[in-house]
Amino acid sequence: MFSTENILLIIVIAIVIFNFKTIFGALFLYFIKLRDIDISIIQREEVSSEVKEIIKPYEELLLNKGFIYKSAIEYNNIAQMFQEQQHTFYYYHEEKGIHASIATMPFAGALKPVYVEYSTFYESYHIATTYDCFKYNLPKIESVTAFDHYHGSFEKAFESHLEDRLLEGETIRYEALTPEGLVNYMEFQTRETLDALKEHNIMKQTNAGLKYSFSFAFLKYVHTTLKGHKFASKVLASQNINPTEHKNLKATAFKFKSSEEVALAQGLNHKPKEQDKNSKIRTFIISGIAFVLFFGLIGIPFSVLPMLLLVLLIHELGHFYAMKFFGYTDTSIFFIPLFGAAAKGEKENATAFQEFIVSLAGPLPGMLISVAIGIGIVMNPSTFDNALLKEYAIMSFALNYLNLLPIFPLDGGKIVQTLLFSRYPKAQFYFFLLSLLVIILSALLLESIILGLFALILFLAINHNHHTSTLIGKILNSQEDKELTDKAIEILVHDERYKEIPFEKKGAMLKQALKVVKAEKPSFLLMLFGMGFYLLLLLPPFWVYFFVLGQV
């Protein structure tokens, strides 16, 4: 049997690696009853007027592009909770040999009432399919090469498909599907998708039928789906709500040759919406309560927690107000169960000096308060002779000093990386690996589960960090006379190293790499004085050690 502490740690691992939404989404899916899909041919006149009205503008789009309506099918959703029948209307472009389908999505949470996909069949029986914002929850199938461009427009997706389908060595098969062929194709798609989900341990076959498998792969699948859904909804919303952004996206589409390049460029144009004040306060309170509960459950006395919360709060307020002073946006503070707290903010063109001060502003106030209390105890023992005050001073100095150690991602590690390694992407990665090694050794020596969990999280980020540092190096070493953004996107799309990386991860790598490449590098003077001041802050414990040792 698992102890309460072990169960708690397992939950925390899942939450930290993914998030609360992923856990709740996975639990929701896990208990949904699944069923086989029953597909049947349906005549056009049998379709309800409501469904006809929904597909009308999308059908007009296809007809204007030269497609001809062929047939339709009706089928149930795999999840038993969705009772509404779904429909797929099939069209064919005889001149270009392109198959198109309009699939209805009559269920809660759908981003659009329908989605349109374009496919080209080849003589080899391979298939190329183009989506627009709807591939994020589909597993990779060997017989299908799938593309997703996040244009927010089915019309643009058609233009993209004309390029997507030009697969090397493939000969296009010009033949429309019969109604029976459409049913067979739908059954093939369903079977291939389910087999892929079972192969990756996302689903499993039981005596009671098919159901989701509660595994790491399943959690990752739910997490990726939620992220993809969120990003796709922003793309779709931008086409209807933000005309300025729509113009920018439209202009971007003519700048790049590859449709995947267009998609990555569009991702850069989408800025996260800033949280409102009430949402930030709610996150702060909920995360604080979770922090207290988690630490209380693993055995830390509740009498110590208020002091720990105060130390962490002062530390993060230092970061917070430094960000505010330098004009960072979307600033907020929140707690992280088992690990502490964090302050976040966004600024595109933060200088090395600003990043240095922001990193320093967290641990410095807490250390200065501790030193002030220590001086007060020495100078006026009667006033400062208080056990709680002494305990607070020791805790504040210890935690803030530890945070100053040159280990990434602690504040000290960020300072070292900003001042010494910002010009050298490979050095940044090696510094990350060295930090990971130190944390692993510390976890083993101290037998700390929390440090072990911290090391696990960093270990899972190795691949991402390595690819990003390599991307930065390739951008900096590229001899092509292009903008940095253009170089980065071209490398991500055409370099073999990045071919198998999912689109969402490419987008994150692109933003991270461009932030590093475009950031102002520290001057020699800043490196000299900044590192000098940083090293001075690391010396007090050594002074105390030698002073005490000298008195012995």
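- Considering every non-hydrogen atom in both Ile475 and Ala488, the closest pair reads CD1-CB, 3.4 Å.
- There is no side-chain donor-acceptor pair under 3.5 Å between Glu117 and Thr130.
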Legend entry - side-chain contact (heavy atoms from CB on, under 4.5 Å) between Thr104 and Tyr115, worked out: CA-CA 7 Å; Thr104 61; Tyr115 74 84; over 6 Å; no
Inset, instruction - Show your working on ring pair (Phe, Tyr, Trp, His ring centres under 6.0 Å) between Phe334 and Phe284 and close with a plain yes or no. - result: CA-CA 5 Å; Phe334 54 93; Phe284 176 79; 9.6 Å; no
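- Summarising the local packing, CZ of Phe459 is surrounded by 12 or fewer heavy atoms from other residues, nucleotides or ligands at distances under 6.0 Å.
- Considering only heavy atoms from C-beta on, Phe188 comes within 4.5 Å of Arg191 through its side chain.
- Among Asp164, Ile98, Leu162, the one residue that satisfies the side-chain contact (heavy atoms from CB on, under 4.5 Å) test with Tyr118 is Ile98.
- Proximity of Val183 to Glu180: side-chain heavy atoms (C-beta onward) are nowhere separated by under 4.5 Å.
- Looking only at side-chain heavy atoms (C-beta outward), Leu471 and Leu492 come within less than 4.5 Å of each other.
- Shown here for Thr468 and Ala513, the closest heavy-atom pair between the two residues is CG2-N, 4.2 Å.
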Inset, instruction - Please report the C-alpha distance between Gln428 and Val516 in whole Å, then the side-chain angles of each, then the deciding distance to 0.1 Å, and finally whether the side-chain contact (heavy atoms from CB on, under 4.5 Å) criterion is met. - result: CA-CA 11 Å; Gln428 286 188 24; Val516 173; 4.1 Å; yes
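- Residues Leu476 and Ile472 are in side-chain contact: their nearest non-hydrogen atoms beyond the backbone lie under 4.5 Å apart.
- For the residue pair Ser143 and Glu192, the shortest heavy atom distance occurs at OG-OE1, 3.3 Å.
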Inset, instruction - Starting from the C-alpha separation in whole Å, work towards a yes-or-no answer on side-chain hydrogen bond (donor to acceptor under 3.5 Å, both in side chains) for Glu159 and His151. - result: CA-CA 11 Å; Glu159 303 300 329; His151 297 310; over 6 Å; no
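- Rounded to the nearest 0.5 Å, atoms NE2 (His161) and CG (Leu166) are 9.0 Å apart.
- The shortest heavy-atom contact between Tyr90 and Leu177 is OH-N, 2.8 Å.
- When only modelled atom types and interatomic distance are considered, Thr485 and Lys518 share a side-chain donor-acceptor pair under 3.5 Å.
- How far CD of Gln205 is from CG of Leu34: 10.0 Å, rounded to the nearest 0.5 Å.
- Tyr131 has its side chain within reach of Leu138: a pair of non-hydrogen atoms, C-beta onward, lies under 4.5 Å apart.
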Inset, instruction - Show the numbers, then the answer: is there a side-chain contact (heavy atoms from CB on, under 4.5 Å) between Leu210 and Thr206? - result: CA-CA 6 Å; Leu210 198 64; Thr206 67; over 6 Å; no
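- Atom OG1 in Thr88 sits 9.5 Å away from atom CD1 in Ile102 (nearest 0.5 Å).
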Inset, instruction - Just do the ring pair (Phe, Tyr, Trp, His ring centres under 6.0 Å) check on Tyr185 and Phe121 with the steps written out, would you? - result: CA-CA 11 Å; Tyr185 174 59; Phe121 298 174; 5.2 Å; yes
Report, one line per pair, each donor and acceptor closer than 3.5 Å where one atom sits in a side chain of residues 35-42; sequence neighbours left out.
residue: Arg35; atom: NE; partner: Asn77; partner atom: O; Å: 2.8
residue: Arg35; atom: NH2; partner: Asn77; partner atom: O; Å: 3.1
residue: Arg35; atom: NH2; partner: Ala79; partner atom: O; Å: 3.4
residue: Arg35; atom: NH2; partner: Phe82; partner atom: O; Å: 2.7

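- The main-chain N or O of Phe326 is found under 3.5 Å from a side-chain atom of Lys347 such that the two form a donor-acceptor pair.
- At least one donor-acceptor pair under 3.5 Å links the side chain of Asn465 to the backbone N or O of Ala461.
- Shown here is Lys204, whose NZ atom has more than 12 heavy atoms of other residues, nucleotides or ligands within 6.0 Å.
- You'll find the side chain of Ile78 reaches within 4.5 Å of the side chain of Leu194, heavy atoms only.
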Inset, instruction - Tell me, with the steps shown, if Lys65 and Glu95 meet salt bridge (Lys or Arg N to Asp or Glu O under 4.0 Å). - result: CA-CA 11 Å; Lys65 291 288 183 184; Glu95 181 186 346; over 6 Å; no
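- For residues 39-77, the set of pairs meeting the ring pair (Phe, Tyr, Trp, His ring centres under 6.0 Å) definition, not counting sequence neighbours, comprises Tyr58-Phe154, Phe67-His93, Phe67-Phe158, Tyr69-Tyr91.
- Counted by atom type alone, Thr129 and Ser119 present one or more donor-acceptor pairs between their side chains at under 3.5 Å.
- A distance-only check finds a donor-acceptor pair linking the side chain of Asp148 to the backbone of Lys135 [under 3.5 Å].
- Tyr174 approaches Glu94 most closely through the heavy-atom pair CD2-O, 3.8 Å.
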Inset, instruction - Check step by step if salt bridge (Lys or Arg N to Asp or Glu O under 4.0 Å) holds for Glu74 and Arg44. - result: CA-CA 11 Å; Glu74 184 179 68; Arg44 183 74 181 220; over 6 Å; no
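- When side chains are defined from C-beta on, Asn201 does not count as touching Phe218, because their heavy atoms never get closer than 4.5 Å.
- Judged purely by atom type and a 3.5 angstrom limit, His319 uses its side chain to pair as donor or acceptor with the backbone of Val358.
- Between the side chain of Gln354 and the backbone N or O of Thr351, at least one donor-acceptor pair lies under 3.5 Å.
- Within the 3.5 Å criterion, the main-chain N or O of Gly152 finds a donor-acceptor partner in the side chain of Asp132.
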Legend entry - Residue pair Lys211, Met203: steps toward the side-chain contact (heavy atoms from CB on, under 4.5 Å) verdict: CA-CA 6 Å; Lys211 68 174 297 182; Met203 279 186 170; over 6 Å; no
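- Within a 6.0 Å radius of CD in Glu60, other residues, nucleotides and ligands contribute more than 12 heavy atoms.
- With hydrogens and angles disregarded, no donor-acceptor distance shorter than 3.5 Å links the side chain of Tyr328 to the backbone of Lys344.
- Under a 3.5 Å cut-off, the side chain of His200 and the backbone N or O of Ala196 do form a donor-acceptor pair.
- Environment of NZ in Lys52: crowded, with over 12 heavy atoms of neighbouring residues, nucleotides or ligands closer than 6.0 Å.
- Of all heavy-atom pairs between Ile336 and Phe291, the closest is O-CD1, 3.6 Å.
- With Ser153 contributing its side chain and Glu155 its backbone, the two residues share a donor-acceptor pair below 3.5 Å.
- The number of heavy atoms from other shown groups lying within 6.0 Å of CD (Glu168) does not exceed 12.
- Not one N or O on the side chain of His99 forms a donor-acceptor pair closer than 3.5 Å with the backbone of Thr120.
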